[in-house]
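These notes concern the structure reproduced below.
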Amino acid sequence: QVQLVESGGGLVQAGGSLRLSCAASGRTFSSYAMGWFRQAPGKEREFVAAISWSGGRTRYADSVKGRFTVSRDNAKNTVYLQMNSLKPEDTAVYYCAAPDHSGRPSSAPVTEGEYDYWGQGTQVTVSS
């Protein structure tokens, strides 16, 4: 069974930075794309970033382009989300997710329906 565990969330002032980590276990991590999503209070969960299994392709929501960077270390079975220039509107619970199938090497899904496994989430709060 695939398990995903996020960490690194917390409280930060606007303009600050945080790095989230997602540790995966239960299967060959390096063969699967990974994604980050977030859900703010009263809103639906939304796509943030995704990375292909090779790390060669990344995709971002328009709202975080230029501020967030997704990366992965296949040797450590971990995917990261570096968040810079944080804004109050980035406040949300952040989730990492993995699909059930490996897909093409360039695959980096952006929709929730393409992911089958989810972590428990980590809270990010950005104060103004």
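Between the E6 side chain and the C96 main chain, a donor and an acceptor come within less than 3.5 Å of each other. Within the 3.5 Å criterion, the main-chain N or O of T78 finds no donor-acceptor partner in the side chain of R72.
Between the CG atom in D90 and the CZ atom in R38 there is a gap of 5.0 Å [rounded to 0.5 Å]. Y94 OH to W36 CH2: the interatomic distance, rounded to the nearest 0.5 Å, is 10.0 Å. Expressed to the nearest 0.5 Å, how far CD of Q13 lies from OG of S127 amounts to 5.0 Å.
In terms of hydrophobic clustering, with Ile, Leu, Val, Met, Phe, Trp and Tyr side chains grouped at heavy-atom distances under 4.5 Å, V93 and F68 are assigned to different clusters. Note: the hydrophobic cluster containing V64 also contains V12 (ILVMFWY, side chain heavy atoms under 4.5 Å, direct or indirect links). Under a hydrophobic-cluster definition in which Ile, Leu, Val, Met, Phe, Trp and Tyr are linked whenever side-chain heavy atoms come within less than 4.5 Å, directly or via other members, V79 and L4 are assigned to the same cluster.
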Inset, instruction - Carefully, step by step, assess E112 and W118 under the rule side-chain contact (heavy atoms from CB on, under 4.5 Å). - result: CA-CA 10 Å; E112 277 195 60; W118 296 83; 3.9 Å; yes
Inset, instruction - In sequence, state the C-alpha distance, the side-chain angles, and the governing distance for T91 and E89, and then conclude on side-chain contact (heavy atoms from CB on, under 4.5 Å). - result: CA-CA 5 Å; T91 295; E89 51 263 44; over 6 Å; no
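Every residue was checked against the side-chain hydrogen bond (donor to acceptor under 3.5 Å, both in side chains) condition with S128, not counting sequence neighbours, and none meets it. When the side-chain hydrogen bond (donor to acceptor under 3.5 Å, both in side chains) test is applied to T125, the partners found at least two apart in sequence or on another chain are Q123. Under the side-chain hydrogen bond (donor to acceptor under 3.5 Å, both in side chains) criterion, D100 pairs with Y117, not counting sequence neighbours.
In terms of heavy atoms, T111 sits closest to Y115 at O-CD1, 3.3 Å. The minimum heavy-atom distance linking A49 with L81 is given by the pair CB-CD1, 4.1 Å. Across all their heavy atoms, S107 and A33 have their closest contact at O-CB, 3.3 Å. Of all heavy-atom pairs spanning M83 and V124, the tightest one is CE-CG2, 3.8 Å.
The environment of E46 atom CD is dense: over 12 non-hydrogen atoms of other residues, nucleotides or ligands sit within 6.0 angstrom.
Grouping Ile, Leu, Val, Met, Phe, Trp and Tyr by side-chain contacts under 4.5 Å, direct or through others, leaves Y32 on its own.
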For a quick test of your reading: what N or O donor-acceptor pairs under 3.5 Å do the side chains of residues 17-30 make, sequence neighbours left out?
from	atom 1	to	atom 2	distance (Å)
S17	OG	N84	OD1	2.9
R27	NH1	P99	O	2.9
R27	NH2	P99	O	2.5

Taking distance alone, no hydrogens or angles, what donor-acceptor pairs closer than 3.5 Å link side-chain atoms of residues 53-62 to residues at least two apart or in another chain?
from	atom 1	to	atom 2	distance (Å)
S54	OG	S52	OG	3.4
S54	OG	G56	N	3.1
R57	NH1	S106	O	3.3
R59	NH1	A108	O	3.2
Y60	OH	V70	N	2.9
D62	OD1	K65	NZ	3.2

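Note on ring orientation: taking the six-membered ring where Trp is involved, the planes of F47 and F37 are perpendicular (angle over 60°, cut-offs 30° and 60°).
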